[in-house]
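Okay, structure first, notes after.
Only heavy atoms go into these numbers, but all of them, side chains included; no hydrogens, no water, no symmetry mates. So that the names make sense, note that chain A is the first sequence line, chain B the second, and so on, each numbered from 1.
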Amino acid sequence: MVNFKHPKKLKIFWTPKSKAFFGIEKKWQERWEKAKCFQVVERSRRKKFYVLEMFPYPSGSGLHLGHAFNYTIGDIFARFKRMQGFNVLYPMGYDSLGLPAENAAIKKGIHPKKYTEKSIKNFMKQQKLLGLSYDWSRLINTSNADYHKWDQWIFLKMLEKGLAYKKESSVNWCPKCKSVLANEQVHNGKCWIHKEVSVQIKHLNQWYFKITDYKEELNDFSELDGWGDRIKKLQKNWIGKSFGSEIDFEIIKTKGFSDINGKKWKIFTTRPDTIYGVTFMVISAQHPELMELVSDEQKKDVEKFLKKIKSVSEKEISDLEKQGVFTGSYAINPVNNERIPVYAGNFVVADYGSGMVMAVPAHDERDFQFAKKYGIEIKEVIKGGNIKERAFTGKGVLINSGRFNGLKSERAKEEIIKFLQKKKIGRKTIQYRLRDWLISRQRYWGVPIPIIYCEKCGAVPVPEKNLPVKLPEKIKFGKGNPLKSAEKWMNVKCPRCGGAGKRETDTMDTFVNSSWYYLRYCDNKNNKEIFNKGKVDYWCPVDLYVGGKEHACMHLIYVRFYTKFLRDLGLLKFNEPAVRLFNQGMLHAEDGNKMSKSLGNVINPLDMIKKYSTDTLRLFLVSVASPDSDFSWSEKGMQGSFKFINKVWDYFKKVKIGKSSKRIESKINKTIKKVTEDIEDLRYNLGIIKLRSLFDEFEDEISKKDAESFLKMFSVFCPHICEELWEKIRGKGFISLSDWAVADERKIDKKLEKQEEQIFKLVEDINNILRIVQGKGKKIKRCYVYVLPNANMIQRVNLKEQSLRSRQFILSKNIVYFLINV
RNA sequence: GCGGGGGUUCCCGAGUGGUCAAAGGGGCAGGACUUAAGAUCCUGUGGCUUAGUGCCUUCGUAGGUUCGAAUCCUACCUCCCGCACCA
């Protein structure tokens, strides 16, 4: 019989209407912590498993439901793997450098450090309430100098290997952030944080990481089978490998033909077959070398044009009209020596290819629009379309193309490139969309770039032994780069010559912090090296990485880049950071909209915990839908989950622990097998459904082993209540550390299942008859069914609420069934 | 425009060739329990029917493949998301 320890205290918990399981949850959370249940060490005997969630930016407003969802998914898997006998590393940390802390400083006058510390405390408290089985001893915090010292160290290594460099370039500048943005942080020409603010173009001297050195490898997804196709596709598009040709066009500034001494521009094109149709060139209006091409006569016009396109910043980029202005320069078409005008245009991307394109209005829509607008010649060179009305972008047979007339596009491409190659003015080439990673930020709350500028020696790296370069605490916010206000900090001696030097006042993009954090968890307290190689060898790569898909193009590319770089430094033995990546779905509000403060439909996970308990929230989050699909919050659904937990609770309260029937044994073993598969596939919702229907079958008596098996499976979803019940049925130790239930296939009785199915049909049939008869006005209380023993297969079936001792079975409330010996 | 993912019975959501009128939850209806309510339990929940049964309609729309389709193919409609003038 089940033994209950504190009936008085527990009384409130027996009542389903109660504020529920709060006390139990607290009790077990404390016990887990006290017993250090989830702390792990490297033990090579056991197989390791590394579960990681994307660590949060600890905002002041605390956890939102999306966090709770994300961590619940990871925690369930970590618990599952732990119970399966793996040595599970499941850590948590905080990506705590970043803008909100600094903005809080500006707005409310709180120091970013204080703000961050407070936020982290709050976050941790809330995460602990969720019952997450983290190894808290491995906590990391990127705003801590112990951590970002190694960001600086990596920077120095990048510098050493020529992968960090400084260059003057036109950059994306957000006037509201007062900082430069990476290409990845510009969306639709707007800042990714300030969605209403148009990004401006500025020319600044900035630090870059040469991520493009790894573009080939980043574009290789062969080791990423465990990542979703969506993410891989997004990355592939982002890296944007495209095959084409590069053709040299000579640019001349003067009007005369004789002065062919200008610069050669490499022009990228995927359609060399249309080269005879080039009637103008367009250089990007943002191109840093634009002015070099502008003739004196055209200077005024060009400047006017540049002013004009800057002023349209408010307008959506998508409905911008193609505009341009003649620069005064000409280019020479290398195949026929024709002289063609060069325009500056607003529709050409400055840093893709060489920033200048050859325009073929007859066969490219954008060029066509432009030519129409400015009255430039449209020359048809591919047969097949109606050039008068629109550009023909398809393929066809060449015309007006000199010696290449009559060839088909594909063939012509080859021949033309061959021809140009011979003359050394053209070649096949591969172009990428991916650009180098701009890491400089004119912000305070980031990692200082470890560089000192000396008048004599130039940019000098801070020696490794002097790391970390700590952030100064006394600074002024509000005007430009805050670090410039810390004069004491800024003015230092040059490490090389000892002369006067000034520190770099830019900090690094916060994405550097998250690019390698998964490695630091393996050895978070090491102050001698970035991490111990042996420890990382043991734990890494990450086996399951859980996070939102919005990070496909930023974080997930950077982290791959860092992994490859650190590998090339000889620190890692693997190529990709994570074996399996899982992207959870988006959580919408009850009304179907996104949860947002302005719509007033935000659900706070803590409120739900207070109302229904943590276990309920966890169960609900993963039981509505597959974790990778979007779904809407529903409080009704929460109540459904709550009801179920109560049922489980009540059942174990009164169940007799003894022997299971064959039927339950069969069912439970079948369920174990299926639920194990469902969890492994991260289809928690299906697993829960199977547990529910198993539970519905439970009888008044059950064996200890079967009771344990059920609780074990259920415990990954609802760990607190299962610990409590585990204790009640006298399970050994913590259920969280027990062995996962293993299916005993011999006990799965297929025959029995089939027989049962037949019984269900029988009951259904009889019920139908009863209904009909009753419908005809006869009041029948009971229906008796008589069966000959030899003829029946259902004889051995042990039905719910009735044991085999009797020869009389109650099939349902109003059907009684007898076995008769003839 | 390009790319990706969807549209399932009142709602949320499973299901990817037959065992499907379609899991599970929620809602709703009826019943049991109860002084009553809540909770709990049972039953029902596309339509028409039968003694057992059977038939019709249904998985965005329209076609097609197949002995057989929610499931495969084609076209279209529609919703969501990502990228966006990449030459």
Measuring from the side chain of Lys647(A) (C-beta onward, heavy atoms only), which nucleotide among rU40(B), rA84(B), rA87(B) has the closest atom?
rU40(B)
Checking rG25(B), rG26(B), rA14(B) against the side chain of Lys636(A) (C-beta onward), the nearest is rG26(B)
Quick check: Phe717(A) with Phe644(A) (ring centres under 6.0 Å apart)?
no
On RNA chain B, more 5' by nearest nucleotide between Asp364(A) and Asn685(A) is Asn685(A)
Name the atoms and distances for all side-chain donor-acceptor pairs under 3.5 Å in residues 273-283 of chain A, with sequence neighbours left out.
from      : atom 1 : to        : atom 2 : distance (Å)
Asp273(A) : OD1    : Arg271(A) : NE     : 3.1
Asp273(A) : OD2    : Arg271(A) : NE     : 3.3
Asp273(A) : OD2    : Arg271(A) : NH2    : 3.1
Asp273(A) : OD2    : Ser409(A) : OG     : 3.1
Thr274(A) : OG1    : Arg271(A) : O      : 2.8
Thr279(A) : OG1    : Glu377(A) : O      : 2.9

Hunt down the Watson-Crick or G-U wobble partner of rA22(B), both distances under 3.5 Å, from any strand shown, or write none.
none
Closest nucleotide of RNA chain B for Ser641(A) versus for Lys233(A): which of these residues is on the 5' side?
Lys233(A)
Only one of Phe631(A), Phe582(A), Trp633(A) passes ring-ring contact (aromatic ring centres under 6.0 Å, His included) with Phe69(A); say which it is.
Phe631(A)
What does Asn237(A) touch in the nucleic acid at a heavy-atom separation under 4.0 angstrom: a base, only the sugar-phosphate, or nothing?
sugar-phosphate
By the 4.0 Å heavy-atom rule, please label Asp367(A) as base, sugar-phosphate, or nothing.
nothing
Looking across every strand, which nucleic acid part, if any, lies under 4.0 Å from Lys643(A) by heavy atom: base, sugar-phosphate, or nothing?
sugar-phosphate
If you compare every side-chain N and O of Arg433(A) against the phosphate oxygens of rC85(B) (OP1, OP2), does one of them come in below 4.0 Å?
no
Using a 4.0 Å heavy-atom cut-off across all strands, classify Val349(A) as base, sugar-phosphate, or nothing.
base
